[in-house]
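As the structure is a computational prediction, the values presented were derived from the model and not from experiment. In the text below, chain A, chain B and the rest are named by the order of the sequence lines, each starting its count at 1.
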There are 2 protein chains.
Amino acid sequence: MEQRIDRIKKQLHSQSYKLTPQREATVRVLLEHEDDHLSAEDVYMLVKEKYPEIGLATVYRTLELLTELKVVDKINFGDGVSRYDLRQEGAAHFHHHLVCLECGAVDEIQEDLLGDVEKIVEKRWNFEIKDHRLTFHGICHRCNSK
Amino acid sequence: MEQRIDRIKKQLHSQSYKLTPQREATVRVLLEHEDDHLSAEDVYMLVKEKYPEIGLATVYRTLELLTELKVVDKINFGDGVSRYDLRQEGAAHFHHHLVCLECGAVDEIQEDLLGDVEKIVEKRWNFEIKDHRLTFHGICHRCNSK
DNA sequence: TTGTGTGCAAAGCTTTTGCAGACCT
DNA sequence: AGGTCTGCAAAAGCTTTGCACACAA
């Protein structure tokens, strides 16, 4: 935890940004809810518990900054709000998601399953891939075993 | 064209919806711009050319209806607006997208490249896949050859 | 006449922006 | 002092909703 904060701090400094208390509080919330796909509003509410004076705009600005630095990925499951997902450290690619149509749960697949597909796309469509987004919609194992 | 409209008409009727002139005009615009990933606003402007009295709300309501009927897919490339993409007729799966980070172009891959990946996900994560979204971000062949 | 569909305007949401003040160097 | 950063409130999108009217069965 502390090491990851430290590394993010260095990443900010390297672009001459500061890790202010507000930014640190926001990052901590993201680290503590790594699997949760929080919206900006969600993050705001959680940061507020520990840092009540923070403003929603600051949270948005911080999330935008972290997105730029590729500390988080901004994703969108089609429900009108952006969600923010911490990148695995050193992960070149973006992990995949399983969205359950029944219970709404979002699970993650950290493993990269697209290696072969990407080779095909790069060769056949002559497209230089920088990143990808893969989401499956369906019924999760919990709902299916009911 | 006319056959496709006809089929959509039947699909609407089967759920006791009507193909009103406004809805038909909207569907025609979608058919005429099949490769374009139009936003609701885009569709509205184009429908207006042929049907100036139409209201934006009607376009939204029609697009929502068509999404329910799975005539179109609602997608989101992360720029705050929803875009609407006609499904290939009879396509069980949703096609993939290539978004160019340089020029913003969005190309489509109709071919389903995820067969093997889906088998793995269904088996290993015990997740029953209903649909998927796959988008690659990178540099398109046009920008790369410049 | 009953119900569906429409256009307009208003409202609702999420997200961004302007600005004055705070903080740090 | 000069820069960055923040909180608040206002503004700016996109999308949805309420309502009265039109139209068709």
| said: Looking at every heavy atom in both Ser39(B) and Arg83(B), which two are closest together, and how far apart are they? | reply: N-NH1, 3.8 Å
| field | Ring geometry between His96(A) and His132(A) (parallel below 30°, tilted from 30 to 60°, perpendicular above 60°) | value | tilted
At a cut-off of 3.5 Å, list every protein nitrogen or oxygen paired with a nitrogen or oxygen from nucleotides 20-25 of chain C, distance to 0.1 Å.
none

Starting from [atom2] on [N], measure out to [atom1] on [X] and report it in whole angstrom.
X: Leu19(A); N: dT6(D); atom1: CG; atom2: C1'; answer: 15 Å
X: Gln22(B); N: dT4(C); atom1: CD; atom2: P; answer: 17 Å
X: Leu63(B); N: dT6(C); atom1: CG; atom2: P; answer: 12 Å
X: Asn76(B); N: dT14(C); atom1: CG; atom2: P; answer: 15 Å
X: Leu65(B); N: dG5(C); atom1: CG; atom2: P; answer: 8 Å
X: Tyr44(B); N: dC8(C); atom1: OH; atom2: C1'; answer: 10 Å
X: Ile54(B); N: dC8(C); atom1: CD1; atom2: P; answer: 10 Å
X: Asp79(A); N: dT15(C); atom1: CG; atom2: C1'; answer: 15 Å

| said: Does either side chain, that of Asp85(A) or that of His97(A), offer a donor lying less than 3.5 Å from an acceptor on the other one? | reply: yes
| said: Does this structure show an ion pair linking Lys130(B) with Glu128(B), if we count only N-O contacts that are shorter than 4.0 Å? | reply: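 Yes, this pair counts.
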| said: Measuring only between side-chain heavy atoms, which start at C-beta, is Leu19(B) closer than 4.5 Å to Ile5(B)? | reply: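 When only atoms from C-beta onward are counted, Ile5(B) and Leu19(B) do touch, with a gap below 4.5 Å.
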| query | Do Lys50(B) and Arg28(B) have side-chain heavy atoms sitting under 4.5 Å apart? | reply |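 No, too far: nothing below the 4.5 Å cut-off.
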Contact list (N/O, under 3.5 angstrom) for nucleotides 10-15 of chain D vs protein:
unit_1  : atom_1 : unit_2   : atom_2 : d
dT15(D) : OP1    : Ser82(B) : N      : 3.0
dT15(D) : OP1    : Ser82(B) : OG     : 3.3
dT15(D) : OP2    : Tyr60(B) : OH     : 2.4
dT15(D) : O5'    : Tyr60(B) : OH     : 3.2

Does a nitrogen or oxygen in the side chain of [X] sit under 4.0 Å from OP1 or OP2 of [N]?
X: Arg61(A); N: dC5(D); answer: no
X: Thr20(B); N: dT6(C); answer: yes
X: Thr58(B); N: dG7(C); answer: yes

| field | Among Val29(B), Ile54(B), Val43(B), Val59(B), side chain to side chain contact (heavy atoms under 4.5 Å, CB included) partner for Lys48(B) | value | Ile54(B)
| Atom OH of Tyr17(B): over 12 foreign heavy atoms under 6.0 Å | no
| query | Given His95(A) and Glu111(A), is the side-chain hydrogen bond (donor to acceptor under 3.5 Å, both in side chains) satisfied, shown in steps? | reply | CA-CA 7 Å; His95(A) 54 258; Glu111(A) 208 170 317; over 6 Å; no
| task | Quick one: label Glu53(A) by what it contacts on the DNA or RNA (base, sugar-phosphate, nothing), any heavy atom closer than 4.0 Å. | result |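 Glu53(A): backbone/sugar contact only, no base atoms under 4.0 Å.
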